[in-house]
Structures are given as C-alpha cells and as structure tokens.
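Please read these numbers as outputs of a predicted model, since none were measured by experiment. Chain A is the first sequence line, chain B the second, and so forth, proteins listed ahead of strands; every chain is numbered from 1.
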Number of protein chains: 4
Amino acid sequence: MRDTPIRRRKDARPAELLAAAREVFAAKGFAAARMEDIAARAGVSKGTVYLYFPSKQAVFEALVRQAILPNVERLEAMAAAYEGPTADLLRQAMALFPTLVRDPKVVTIPRLVIGEAGNQPEMADFYRREVVERGLGLISGILRRGAERGEFRPLAPDTVAKLWFAPLLLAVVWRTTFEPVGGAPLELDDYLRTHVDIMLRGLAPEGGTDAA
Amino acid sequence: MRDTPIRRRKDARPAELLAAAREVFAAKGFAAARMEDIAARAGVSKGTVYLYFPSKQAVFEALVRQAILPNVERLEAMAAAYEGPTADLLRQAMALFPTLVRDPKVVTIPRLVIGEAGNQPEMADFYRREVVERGLGLISGILRRGAERGEFRPLAPDTVAKLWFAPLLLAVVWRTTFEPVGGAPLELDDYLRTHVDIMLRGLAPEGGTDAA
Amino acid sequence: MRDTPIRRRKDARPAELLAAAREVFAAKGFAAARMEDIAARAGVSKGTVYLYFPSKQAVFEALVRQAILPNVERLEAMAAAYEGPTADLLRQAMALFPTLVRDPKVVTIPRLVIGEAGNQPEMADFYRREVVERGLGLISGILRRGAERGEFRPLAPDTVAKLWFAPLLLAVVWRTTFEPVGGAPLELDDYLRTHVDIMLRGLAPEGGTDAA
Amino acid sequence: MRDTPIRRRKDARPAELLAAAREVFAAKGFAAARMEDIAARAGVSKGTVYLYFPSKQAVFEALVRQAILPNVERLEAMAAAYEGPTADLLRQAMALFPTLVRDPKVVTIPRLVIGEAGNQPEMADFYRREVVERGLGLISGILRRGAERGEFRPLAPDTVAKLWFAPLLLAVVWRTTFEPVGGAPLELDDYLRTHVDIMLRGLAPEGGTDAA
DNA sequence: GATGAATGAGGGTTCATTCAT
DNA sequence: AATGAATGAACCCTCATTCAT
C-alpha cells in the first residue's frame with residue numbers, strides 16, 4: 001500500500017542514491033565518478049541528487065558512514081556479549097568476514113577511502129577513528145582478555161591486532177583491485193580459516209595446545 | 001653543487017620529474033595531481049614535462065615501474081641464491097621491508113595503484129602481474145621448499161603466501177593513509193618481527209620447534 | 001520577440017549555434033575559430049555548445065550538411081521534373097546560383113572545406129561525394145540529354161560539366177577570399193549570364209543556332 | 001666543387017626550407033603545420049628555421065612569393081611579345097597551365113591562400129593583387145586586343161577574363177582537395193583543350209569561324 | 001520535489017618562439 | 001651557424017554546481 005512501485009516513498013531516495021553512488025564510485029573511483037552517472041544509475045536527473053546531498057563529497061561521506069558503521073557496531077556487540085574461550089571468540093568474529101568481504105556495499109568503501117585519503121583527509125580520519133581504530137581496539141581487547149586468561153602468549157596486543165586485521169585488508173584489496181583485472185578469485189573461506197589457524201597456533205603459549 | 005644547468009640536466013630530468021611526480025601523486029592522488037604541480041615541484045614549466053613523458057598516465061606508469069620492479073628483482077635474486085633453513089630465508093626476506101616501507105619512493109606506489117585501479121586497469125594489471133604475483137610466487141616457492149624439507153606444515157602455499165604478504169600491505173596503507181591523518185606511527189621493526197614470529201610458530205610442524 | 005528564454009530555446013539552439021559557427025568559421029577558418037567565440041556569438045557560454053555538439057569537428061560537419069545538401073536536392077528535383085529545350089534547363093538551373101552565392105550560409109562552406117581538406121579528409125570526401133559529384137552528375141546528365149536530342153555538340157559530358165561548374169567555384173572564392181581584402185565586387189548576374197551565353201554558343205552544333 | 005653534398009652552401013637553405021614548408025603546408029594546411037615538421041623535413045633542427053625566417057607566417061609569405069610570381073611574369077612576357085591571331089595567343093597561354101597545375105610547387109599555394117584568407121588578409125590581398133588581378137588583367141588585355149581586331153564578340157573583358165580563368169581554379173582545387181580523397185584524376189589536357197574550344201567558339205563573332 | 005539546460009572554472013595538451021650552449 | 005631544451009600562452013573539452021521552470 002504505502003510502497004507502490006510506481007510512486008516510491010521519497011524516504012527511499014537517499015538510500016537509492018547511495019546505492020547508485022557506490023556502484024559508480026566502485027567502478028571508477030571518486031574523481032572519475034560523475035554526478036550524472038550516479039543520477040542516471042539511480043534513475044533520476046542530475047539536479048535531484050542535489051536535493052538530497054549538497055555536493056559530491058557529501059555523497060561520498062554519507063556512503064562511507066552508511067556502509068561501514070553498522071558492521072563495526074555489530075562486531076562490538078558480539079565481543080561484549082561473549083563469554084568462553086577467547087580463541088572461539090576470534091573464530092566467531094572472523095567468521096563474519098567472508099560475508100562482509102563478499103558484500104559489494106562493504107568491500108568497495110575501503111578502497112575508495114585509501115584512494116581519496118590525500119584529497120579528503122577528514123574522510124580518512126573519520127574512517128581511521130570510526131572503523132580502523134575501533135576494529136583494532138576490539139581485537140586488542142580480545143587479545144588482552146586471552147593473555148590475561150593465559151590462553152595466549154603475552155605479545156603486544158596493538159601489534160598483534162594489526163596482524164589479525166591485515167589479511168582482511170588484503171582480501172578487500174584483492175577483490176576490488178586485482179580480481180577485476182585478472183587476479184585469481186580469492187578462496188575467502190579457506191583463506192580466513194588458514195589465517196585463524198596459523199594465528200592461533202602462533203599465539204599459543206609454549207606448552208599448551210590451543211587450536212582445536 | 002655541480003649543476004651545469006642545461007646539458008647535464010637533460011639526463012637527470014626524467015628522474016627529477018618522477019621524484020616530483022611521486023610527491024604530488026602521493027599528496028593528492030593521480031586524478032587530483034596537476035601536471036603543473038609536478039612541473040613546479042621539479043622546478044620546470046608545464047611544457048617541459050611533456051618533453052620527457054607523453055602524458056600524465058605515462059608519468060604514472062614510469063613511476064610505478066621505476067619504483068617497484070628493482071625491489072622485486074632484488075628479492076627474487078636473494079631467494080634464488082639462498083641455501084639453508086627456510087625459516088632463516090623468510091626472516092632475511094622480511095628484514096628487507098622495514099627499509100622499503102619507510103622509503104617514500106616505494107611506499108607511495110601501491111596506494112596509487114589501488115586508488116586508480118578503476119580508471120587504469122592496465123596499470124593495475126601490470127602491478128598485479130609484475131609485483132603482486134611475482135612477490136606471492138616468490139613466497140609460495142619458499143613455502144613449498146620449507147614443506148618439502150619438512151620444516152613447515154603442508155598448508156596450501158598460495159594461501160599462506162598471501163598471509164605472509166598481508167601485513168606488508170597493511171603497513172603500506174597505514175603509513176600512507178592513516179598516519180598522515182593522525183594514526184599512531186607504526187613500529188615497523190617490532191611489527192614485522194612479531195609477524196615473522198607468529199607465522200613461523202604457526203607454520204611449524206606438530207612436534208618440532210622452529211622459532212628462535 | 002517571442003523569446004521564452006529556456007524551454008523554447010532548446011529547439012532553436014542548434015540552428016543558432018550553427019549560425020554563429022558559420023560566422024566565426026567564415027571569419028577565421030576552422031583551425032583559428034575558438035569554441036568560445038562561437039559560444040559568445042550565439043550568446044551562450046562555452047559549455048553550452050557541447051550540450052548540442054560533441055566536438056568542434058562535429059559543429060563543422062553539421063554546418064556543412066545543413067548548409068549545402070538542401071540546395072543540391074533542390075537542383076536535382078528541378079532537373080528531374082524538367083521537360084523542354086535543354087538550353088532552357090541550363091539557364092534555369094544557373095539562374096538559381098546568384099541567390100545561393102550571395103547567401104552567406106552557402107558561400108562560406110566551400111572555402112572552409114577547401115581550407116580544411118588536409119586535416120579533415122572525411123569532410124572533404126563527404127563534400128566531394130555529396131555536393132561536387134552530385135552537382136557534376138546533374139550537369140552531365142543534362143548535357144547528355146542535350147547531346148541526345150541533337151541540341152549540343154557531343155563533347156565529353158564529364159569534362160564539360162566541370163566547365164559549367166568552374167565559374168561558380170570562382171564566384172565563391174572571389175566573394176569569400178578576395179572581396180573581403182579589396183577585390184572589386186563580382187557582378188554576379190552579368191557574370192553568370194555571360195557564362196551561360198558563351199557556353200551555349202560554344203556547345204551549339206555546327207549549323208544550328210541555339211543561343212537566344 | 002663548390003657544392004659538396006656534405007657541406008651544402010648555406011645559400012641553399014632558404015630554398016630548402018621553403019620546399020619543406022610547401023610539402024608540410026600542402027599536407028596539413030597552415031594552421032596544422034608544425035614548425036618542427038618543416039624543420040625535420042628540411043633535415044635541420046627547429047631553431048634553424050628561425051635563423052632564416054622570423055615566424056611561421058613569414059615562411060608562408062616567402063613561400064607564396066617564391067612559388068607564384070615567376071609564373072605570372074613569364075605569362076606577361078609571353079603576351080607582350082606576341083603578334084598574330086589572338087585565339088592562338090590564348091591557346092598558347094592556356095597550354096602553359098597543364099605543367100603548372102601538375103607542379104606541386106605551384107598548385108599547392110592557392111589552396112593555402114584560400115584557406116588562410118581569414119587569418120592573413122594581407123597575404124590574401126597580396127595574392128589577389130600580384131597573382132589574380134595581374135592574371136586577369138593579362139587575359140582582359142588579350143580579349144580587348146581580340147575585340148579590337150574583330151576576332152571576338154565585344155563582351156565585357158573583365159567578366160570574360162574570369163570565365164577564362166575559372167577552370168584553372170577548379171583544376172587547382174580538384175587536384176589539391178578532391179583527388180586526395182578519392183576524386184577521379186582530372187584529365188588536364190583534354191579538360192583545358194575543351195575549355196579553349198568552347199570559349200573560342202562562344203566568343204566568335206556571329207558570322208565568322210574562328211576555332212580551327 | 002524534480003528536471004535538465006546552462007554555466008564557467010579548471011586542467012591536459014600543443015606548439016610557436018626563445019636562448020644558452 | 002646550428003642545436004634542441006625550455007617556456008608559457010592558448011585552446012579544447014569536462015563536469016560539479018546552479019536555477020528557472
């Protein structure tokens with residue numbers, strides 16, 4: 001009733017525009033994406049985009065916020081609620097990523113942020129604070145928990161957090177940058193499972209066995 | 001110092017221009033970099049750049065080639081010449097990277113390639129083939145060697161190679177994208193030492209001890 | 001007068017722009033004509049021209065087509081419909097030219113084509129096929145008709161067609177190239193009447209009298 | 001001796017440069033011809049051209065003067081010396097043109113003048129006065145002589161002169177503009193012989209027979 | 001709200017001309 | 001005389017943004 005396909009709710013417009021923007025940005029990068037392309041892909045005219053976003057940069061910012069933050073929050077909630085062996089928590093957390101890295105809504109963004117960092121430092125800063133640091137802090141916390149419980153060797157948690165994170169970044173870059181130009185598709189599940197396996201073994205205290 | 005202004009200059013110009021281009025590209029990305037900026041930073045006029053490179057893209061390509069290929073070749077040579085415990089070879093190889101990742105001539109490039117992949121697929125393809133695949137192939141080979149000699153668990157070498165590689169990518173992105181906007185400096189030596197330590201432990205066969 | 005400034009304008013714009021382009025091209029030639037000049041003379045901004053024509057060459061091509069083809073078609077129609085003494089047909093056909101040669105929309109074009117032939121061979125080829133060859137073919141046909149009916153000497157029609165045509169070319173060149181720099185105005189009517197007179201006498205068979 | 005092929009007389013340079021300029025201008029038109037092209041075709045460096053000509057326009061002017069004037073003078077000399085039937089004089093004069101129209105040094109120039117008239121009015125004016133008006137004046141004089149001797153009908157000599165001239169212009173345009181893009185080669189000798197034949201018949205007084 | 005014609009600043013590229021060697 | 005590296009003005013074209021309808 002209140003969603004006739006012919007006369008769409010105007011509330012849906014921003015999201016539609018962001019979806020269109022994501023596709024165009026993903027295909028051409030920020031600089032080469034034309035507002036007209038975005039409008040066309042959303043099925044509206046050029047002027048209409050400006051009714052919802054004051055500028056191309058604003059579209060980009062909205063896109064980044066919308067696509068990433070919910071996932072960070074979901075992860076944080078999972079970690080906060082968890083009780084049990086730390087290794088399992090890490091396994092569970094990493095298990096979320098194959099889906100995310102396959103989701104174009106998500107995987108597209110980091111590449112754009114990296115590419116635009118020079119021109120849009122505020123955006124890069126925002127992304128660093130709200131996504132990267134929060135994500136790393138989350139892993140650090142888990143690692144600290146594991147070290148305190150004697151499950152892991154006591155390595156510097158901030159450093160190890162980055163090492164947990166790095167293969168995810170590689171996966172994102174691989175899929176967005178190298179697969180489109182002929183790179184062999186990444187076997188995400190194997191890849192991340194191996195990652196977790198090596199990391200947990202590598203972190204295990206001298207005597208104990210940790211990886212199940 | 002010894003600046004015969006004209007004739008001697010000619011030979012040095014391409015390198016000077018590439019250095020200038022690297023700085024400008026690093027600061028603004030490919031699209032936003034203006035040829036005039038590059039020229040000005042090299043101390044010449046706009047037209048002069050075109051005496052040495054036929055287009056902006058050509059500058060970019062020359063930059064990528066010049067900055068990266070020699071390093072890949074150096075690594076390959078090192079691996080080919082090596083005899084001894086495989087773990088030591090990996091340690092030696094990884095020990096080269098702190099210098100590389102600190103070298104602006106090198107660290108700048110991957111970010112540009114990632115940012116421009118949409119617009120310059122050939123460049124991304126070139127980089128994939130000549131840098132990424134060669135680098136991964138190198139590590140794969142080392143891992144295979146290690147597995148054959150019974151030094152490592154027999155995990156899929158192509159997958160593990162990416163896991164060795166991933167922290168380097170993160171280091172590059174960190175330094176180029178997040179440090180400039182307030183990220184805490186990466187402690188490269190610690191970071192890579194920890195990486196090697198965890199990986200070698202994680203790869204060690206069940207009974208044996210490998211990490212020193 | 002009735003100048004609804006926007007919406008009604010859109011349909012008129014191409015013609016306005018072509019008129020402006022013709023004036024600028026006529027004054028400076030193709031190469032030296034600046035898009036900005038054309039825009040300014042049409043009372044619009046630079047970018048507007050590109051809403052209607054994708055490039056400077058496209059403006060030129062549209063101009064040539066629009067200015068010339070209708071006249072060729074008109075002549076062909078006249079010849080096809082004609083019955084009566086062939087000499088009269090030639091007189092009638094040539095009587096159309098004073099108007100055409102005085103029309104700046106028409107007379108400007110051949111000079112541009114001649115001047116640009118080196119750089120725009122396709123344009124020259126188009127003009128040759130669609131204007132020159134068709135025009136000459138028309139005259140050839142008429143001459144053949146006259147020869148068959150015994151009204152003319154049987155000279156090679158293709159050759160004689162060019163001789164009928166040549167004074168028109170001279171008239172065009174004279175008006176566009178030499179009058180503006182001090183050449184005495186061409187008395188078009190006299191000039192062409194004399195041309196027809198001499199040609200018809202010159203073509204008349206030995207005994208017969210044909211020219212009135 | 002004084003013309004070792006290795007060390008050419010510097011006196012030859014201007015002529016060599018003009019020959020090169022003619023070829024380049026002929027191929028691309030004035031605007032699109034690059035000084036570097038001219039230099040390269042003459043086998044010298046860019047700067048050298050400026051030792052002999054102060055600018056691109058100056059090259060063009062020198063070219064026009066050098067290529068055309070001698071021919072006009074030759075024609076005038078022929079006419080001044082002539083005694084005999086006027087028709088024969090015209091025949092002899094026209095017989096010179098097949099050679100001229102085939103000579104690239106000559107045939108190239110008018111097209112350039114026509115194309116550049118807008119931008120170089122002085123050049124067009126020079127050409128009009130020194131070539132066109134002198135040529136037409138020459139023919140006018142001959143026609144007047146013929147009319148006075150009762151050999152021709154008393155038509156306005158200035159008008160008829162243009163009609164004598166027009167086929168030559170067409171021949172020039174044909175060869176330079178349309179032959180290169182697929183026009184059938186002009187049969188110059190036939191073409192001009194027919195021209196002379198028709199004109200002389202057309203000019204002949206009522207009763208008399210003039211054409212041999 | 002929606003449109004899309006219009007704007008005009010901006011940047012890549014070319015090339016006539018200069019001048020130190 | 002000759003070179004050719006260097007200059008910088010000029011111009012085509014793009015596209016983010018505006019605004020009258």
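Contact annotation: A:Arg13 does not reach the phosphate of E:dG1 (side-chain N/O to OP1 or OP2, under 4.0 Å).
A:Arg13 places none of its side-chain heavy atoms less than 4.5 Å from the side chain of A:Leu51. Between D:Arg22 and D:Phe25 the shortest side-chain heavy-atom distance does not fall below 4.5 Å. Within the 4.5 Å cutoff, the side chain of A:Val49 has heavy atoms near those of the A:Leu17 side chain.
With sequence neighbours excluded, no residue forms a ring-ring contact (aromatic ring centres under 6.0 Å, His included) with D:Tyr127. The side-chain hydrogen bond (donor to acceptor under 3.5 Å, both in side chains) search around C:Arg65 returns none, not counting sequence neighbours.
Taking the six-membered ring where tryptophan is involved, the planes of A:Phe30 and A:Phe60 are tilted, since the angle between them lies from 30° to 60°.
The CD-P distance, from D:Glu16 to F:dA1, rounds to 14 Å in whole Å. Rounded to an integer number of Å, the gap from CG of D:Leu51 to C1' of E:dT21 is 14 Å. If you take CD1 of D:Ile38 and P of F:dG4, they are 17 Å apart, rounded to a whole angstrom. Between the P atom of F:dA1 and the CZ atom of D:Phe53 lies a distance of 13 Å, rounded to the nearest Å.
Remark: DNA chain F forms stems of 3 or more consecutive Watson-Crick or G-U wobble pairs, all pair distances under 3.5 Å, at E:2-21 with F:2-21.
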- Between protein and nucleotides 13-18 of chain E, map the contacts as a letter string: B base, S sugar-phosphate only, - none, heavy atoms under 4.0 Å, written 5' to 3'. BBSSBB
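Within the structure, salt bridge (Lys or Arg N to Asp or Glu O under 4.0 Å) contacts touching residues 38-57 of chain C (residues at least two apart or in different chains) are C:Glu23-C:Arg41.
Each of F:dG4, F:dT7, E:dA5 was ranked by its minimum atom distance to the side chain of B:Ser45; first place goes to F:dT7.
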Per-pair distances, 0.1 Å, donor-acceptor, side chain in residues 104-118 of chain A, under 3.5 Å, sequence neighbours excluded:
| unit_1 | atom_1 | unit_2 | atom_2 | d |
| --- | --- | --- | --- | --- |
| A:Thr108 | OG1 | A:Pro104 | O | 3.1 |
| A:Arg111 | NH1 | A:Thr176 | O | 3.4 |
| A:Arg111 | NH2 | A:Ala26 | O | 3.4 |

